[in-house]
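Just follow the structure's listing: the first ligand is 1, and inside any ligand the first atom is 1. Below, each value reflects all heavy atoms present in this structure, side chains not excepted, and no hydrogens, waters or symmetry copies.
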Amino acid sequence: MQNINRKVRVRFAPSPTGGLHLGGVRTVLYNYLFAKKHGGDFILRIEDTDQTRFVEGAEQYIYDCLNWCGIEPDESPKHGGTFGPYRQSERKELYKKYAEELISKGYAYYAFDTQEELEKMRVDFKSDENPSPQYDSKIRMSMKNSFTLSSEEVTAMISKGVPYVVRIKIPFNETISFNDLIHHDVSFDSSTVDDKVLLKADGMPTYHLAVVVDDYLMKITHAFRGEEWLSSAPVHILLWKYLFGLDKMPQWAHLPLILGPNGKLSKRDGAKYGFPVYAMNWTDPRNHEFTEGFKERGFLPEAFVNMLALLGWNSGSEQEIFSMKEMIAQFSIDRVHKSGAKFDYEKAKWFNHEWIKINAAENLMSEVKKVLHSKSVVVEDDEFLKTIIALVKDRCTLLTDFYEQSVYFFKNPDSLDLDTIKPKWNDEKKHFFEEYCIQLESLTNWNVTEIENTFKNLAAEKNIKPGELQLPMRIMLVGGKYGPAVFEIAYQIGKDVTINRINIALTQINNQ
Ligand code: GLU
């Protein structure tokens, strides 16, 4: 490994075009875990050189997502750092000199072809052997560029302001190889690679030039990115070779895809199968298209990152629940799988359920309060809320489940599932509950044991099985067939509310 003696520096380099897919978050996470494991730096670089794809709010959204996931960059446009600016659009001037250096060394060239000429080339050169011609070593000499024009013509055109791009000259018939940390030995035949544009007509670099220059200037030692970038690797390798030397090139790891039910997981899969694919809600300001996020669906960030870490990595043990600290300690790139990892929404929910169970009620307070407030449930007593969270949290898979599982502690149920009570209802049961209310009224000690003993003694006296009375009691207090122990519920809502709810239910049953 060439970077063994350097301080580990990794980067997440998103183009802020909107939304952060869970594959993107997993890329951030693996970068972050690796950096922190090795005492290194995690850099967030905004790759916004394509001005036509600028999306209002997209950069802020990235900060918000990372912040929610508990991943704080050491350096970024927002956090600053000694290698800034960290937004590529603010580094525009810097790339030009590298493009010029490549031209002067003969590794890149000016190309003046218009859009029409490029389209014509794709038609003219189309053949059985070459069904989709591209600007490459075979075609380069038939185009309008500094290899086919004289240097006088080139100078004149540039000074007249004729638009041009700078292209890399990809050699003919060479093998370009590198060692990927996941895929190991990877080789490309240079003849299949086109002469990529490095500098655009507006003077902005393309991704290819900018990523190499910035990884060099920012002293990046390791770059983990999605497998979709593997095909760009030969261009980057040549740029490293021509500009800085291959010994300075970061170690790359191209991460396997996250798969949905039909190949690469897409936004459309989320909509089709009803699960989120973005970290947080995102509304595209250009067309108002909305994509749901894990956060708003009711996921805890701990569960979300835990689930993502295991989508393509394992620790080598049976352990599935990892805190961020544990993941940092155990993460190793050697244990990242080569093949795609299948996303399973049911498993994602399982992680969330586990994390809701693990978290102390106190830690869940603010999120649960938000859920309840969003449904206009007023919570006045934090201590009471904490008790209720502790009582019901094992029954909640998503944070949003806290509404259904706890609303009846704060207000009377909107409706009662009388259909469940009615078929087995009779006058004995009615008399039981009437008398139970009278006995509850006179209880001096309102505690679970007293409430339960009174219930059981009265049931025994009336010769009714307590089991037959508990379900109606639960429905009277809760509205449905769920919730923790029924006497615990009565204890928590208090004597007056318990008696009142039983009476409301009795009236409703009688009136039906
Ligand atoms: N800007 C690229 C992206 O949007 C970065 C790819 C890389 O990490 O090299 O994902």
Checklist entry - Checking Arg167 against Tyr135: charged group under 6.0 Å from the ring centre and within 45 degrees of the axis? => result yes
Next on the checklist: Does the Lys NZ or Arg CZ of Lys375 fall within the cation-pi geometry relative to Tyr403 - under 6.0 Å from the ring centre and within 45° of the axis?
Outcome noted: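 Judged by the rule (NZ or CZ under 6.0 Å from the ring centre, within 45° of its axis), Lys375 counts as positioned above Tyr403.
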Item to check | Glu59 side, atom CD; Leu44 side, atom CG - distance, nearest 0.5 Å | outcome: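 It comes to 7.5 Å.
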Checklist outcome for this item: dist Lys78:NZ -> Asn67:CG (nearest 0.5 Å) comes out at 6.5 Å
Checklist entry - Looking only at side chains, do Glu101 and Ser104 share a donor and an acceptor under 3.5 Å apart? => result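 On atom types as modelled, these side chains do not qualify, holding no pair under 3.5 Å.
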Checklist entry - With only distance considered, is Val211 within less than 3.5 Å of ligand 1 through an N or O on each side? => result no
Next on the checklist: Students often mix this up, so state it plainly: with edges at 30° and 60°, are the rings of Tyr278 and His21 parallel, tilted or perpendicular?
Outcome noted: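 Tyr278 vs His21 ring planes: perpendicular.
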Item to check | Phe12 contact mode with ligand 1 (heavy-atom cut-off under 4.0 Å) | outcome: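 Looking at Phe12 and ligand 1, no heavy atom falls under 4.0 Å.
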Checklist entry - At a 4.0 Å threshold, what atoms of ligand 1 neighbour a non-hydrogen atom of Arg11? => result 7 (C), 8 (O), 9 (O)
Next on the checklist: Can you name the atoms of ligand 1, numbered from 1 with element, that are less than 4.0 Å from a heavy atom of Ser15?
Outcome noted: 1 (N), 4 (O)
[atom]: which protein heavy atom is closest, and how many Å away?
atom: atom 7 (C) of ligand 1; result: Tyr207 OH, 3.3 Å
atom: atom 2 (C) of ligand 1; result: Ala13 O, 3.3 Å
atom: atom 1 (N) of ligand 1; result: Glu47 OE1, 2.6 Å

